[in-house]
There are 2 protein chains.
Amino acid sequence: MTKARKALLELLKESKEPVSASMLSGDPALPFDQATIYRNLHYLEEQGFAESFILHCTEHGTERYYSYLSRGEGVHHHWFHCEKCHKFIDLGGCAYQEQMKEWEQKYGFIITEHTFFLTGICASCKS
Amino acid sequence: MTKARKALLELLKESKEPVSASMLSGDPALPFDQATIYRNLHYLEEQGFAESFILHCTEHGTERYYSYLSRGEGVHHHWFHCEKCHKFIDLGGCAYQEQMKEWEQKYGFIITEHTFFLTGICASCKS
DNA sequence: ATAAATTTGCAAATGACTTGCAAAAATGCC
DNA sequence: GGCATTTTTGCAAGTCATTTGCAAATTTAT
Ligand SMILES: [Mn+2]
Ligand SMILES: [Mn+2]
Ligand SMILES: [Zn+2]
Ligand SMILES: [Zn+2]
């Protein structure tokens, strides 16, 4: 584990919501080149320390968002993203494992990944 | 409706699976500039004739895929994408409307959109 | 048809992400 | 620790889907 990787993982672990490379790149705790950030996000994901999804929002464009994964234990979470304030709301751990199994049976394919998230206006931005 | 828009809509309507701008741009039935393709895909989506989602596949990169929507009637579909042969498999009409309502109640937010799709290896590529 | 409004093609720009390469840091071994 | 080997980093340039400005062409309104 290099200094950059430790710092990145630490930030991901602390973060309450998914973060993008540009957000991480701007953090003073991560004084690394953007190439290093990108390379290490890939590294952490491929090592099972993080997972990601691509989300497009009008204001910030299309970006990949990463979140921490405690290796082995537990399932990943799904998220709601507010298009106004850009906060993510945790919808809780993935409850689709069964459904995935059923689809694999029904269609004969192997699911390596599923992407699910919501976008809209959060409760506070609504009012 | 301009010539370009009619042609685009026609292709989307015929297509059995979601298509990306680059796929459409390569089609002889659409002898239009890529800017026109992109602009009109936006137009068709904003008019409710199409919907789209962004999908990343190792081989083809990150692209937005569009599919036809018959305005008013019926729900959109969700898809499985094979990372080997790049075919999409239709998982049927969206069955999450209820779930969305419940989440809106529970969290107080308004869902304007949900993204859901699967990736993996299809039955034929498996063998 | 004619004028006004919208769309198109072209070429250049954008922005997230990637890559080659030489220098710097981490790792393995004594 | 010290030294050789492997991996990672910073920098700068590149890639690629998508966007944009603008003048010409097409569509729409009258
Ligand atoms: Mn946002
Ligand atoms: Mn593909
Ligand atoms: Zn909000
Ligand atoms: Zn396949």
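Letters A, B, ... are given to chains in the order of the sequence lines, protein chains preceding strands, and every chain is numbered from 1.
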Measure the distance from [atom1] on [X] to [atom2] on [N] and round it to the nearest whole Å.
{"X": "B/Ile54", "N": "C/dA16", "atom1": "CD1", "atom2": "P", "result": "13 Å"}
{"X": "B/Phe32", "N": "D/dT26", "atom1": "CZ", "atom2": "P", "result": "12 Å"}
{"X": "B/Glu63", "N": "D/dC16", "atom1": "CD", "atom2": "C1'", "result": "10 Å"}
{"X": "B/Leu30", "N": "C/dG9", "atom1": "CG", "atom2": "C1'", "result": "15 Å"}
{"X": "B/Gln34", "N": "C/dT7", "atom1": "CD", "atom2": "C1'", "result": "16 Å"}
{"X": "A/Leu24", "N": "C/dA16", "atom1": "CG", "atom2": "C1'", "result": "14 Å"}
{"X": "A/Lys6", "N": "C/dA25", "atom1": "NZ", "atom2": "C1'", "result": "12 Å"}
{"X": "B/Leu8", "N": "C/dT7", "atom1": "CG", "atom2": "P", "result": "14 Å"}

Between [X] (side chain only) and [Y] (backbone N and O only), is there a donor and an acceptor less than 3.5 Å apart?
{"X": "B/Thr62", "Y": "B/His56", "value": "no"}
{"X": "B/Glu63", "Y": "B/Ser20", "value": "no"}
{"X": "A/Glu45", "Y": "A/Ser52", "value": "yes"}
{"X": "A/Thr119", "Y": "A/His81", "value": "no"}
{"X": "A/Glu104", "Y": "A/Ile111", "value": "yes"}
{"X": "A/Lys126", "Y": "B/Ile110", "value": "no"}

Picking from [options], which would you name as closest to the side chain of [X]?
{"X": "B/Arg5", "options": "C/dT18, D/dT20, C/dT7", "value": "C/dT7"}
{"X": "A/Lys3", "options": "C/dA26, D/dT27, D/dT20", "value": "C/dA26"}
{"X": "A/Asp33", "options": "C/dC17, D/dG10, C/dT7", "value": "D/dG10"}

How are the rings of A/Tyr107 and A/Phe109 set to each other: parallel, tilted or perpendicular (split at 30° and 60°)?
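Plane angle under 30°, so parallel.
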Can you sort out which residues in residues 39-48 of chain B have a heavy atom within less than 4.0 Å of DNA chain C? Ascending by number, please.
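Those residues are B/Arg39, B/Asn40.
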For A/His78, which of A/Phe117, A/Phe116, A/Phe53 qualifies under ring pair (Phe, Tyr, Trp, His ring centres under 6.0 Å)?
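Among the candidates, only A/Phe116 passes.
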Can you pull out how bent the helix from C/dA1-D/dT30 to C/dC30-D/dG1 is, comparing the axes over its first five and last five pairs, to 10°?
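It works out to 50° between the end axes.
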Determine whether B/Ile54 and B/Tyr65 fall in the same hydrophobic cluster, where Ile, Leu, Val, Met, Phe, Trp and Tyr are linked whenever their side-chain heavy atoms lie under 4.5 Å apart.
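They do not share one cluster, since no chain of ILVMFWY contacts under 4.5 Å joins B/Ile54 to B/Tyr65.
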Working for side-chain contact (heavy atoms from CB on, under 4.5 Å), residues A/His114 and A/Cys94:
CA-CA 10 Å; A/His114 67 268; A/Cys94 174; 3.4 Å; yes
When you measure from the side-chain N and O atoms of B/Tyr38 to the phosphate of D/dT19, is any distance below 4.0 Å, counting only OP1 and OP2?
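It does not, given that no N or O in the side chain of B/Tyr38 lies less than 4.0 Å from OP1 or OP2 of D/dT19.
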Just to confirm, is there a sub-4.0 Å distance from OP1 or OP2 of C/dT8 to any side-chain nitrogen or oxygen of B/Thr2?
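For B/Thr2, the contact criterion (side-chain N or O under 4.0 Å from OP1 or OP2 of C/dT8) is met.
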Which part of the nucleic acid does B/Ser22 contact within heavy-atom distance under 4.0 Å: base, sugar-phosphate only, or nothing?
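The residue B/Ser22 makes no contact with any strand.
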Determine the contact category for A/Ser20: base if any of its heavy atoms lies under 4.0 Å from a base atom, sugar-phosphate if only primed atoms, P, OP1 or OP2 are that close, otherwise nothing.
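Here A/Ser20 touches no strand at all.
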When the nearest nucleotide of DNA chain D is assigned to B/Met1 and to B/His60 on a heavy-atom basis, which residue is associated with the more 5' position?
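Between the two, 5'-proximity favours B/His60.
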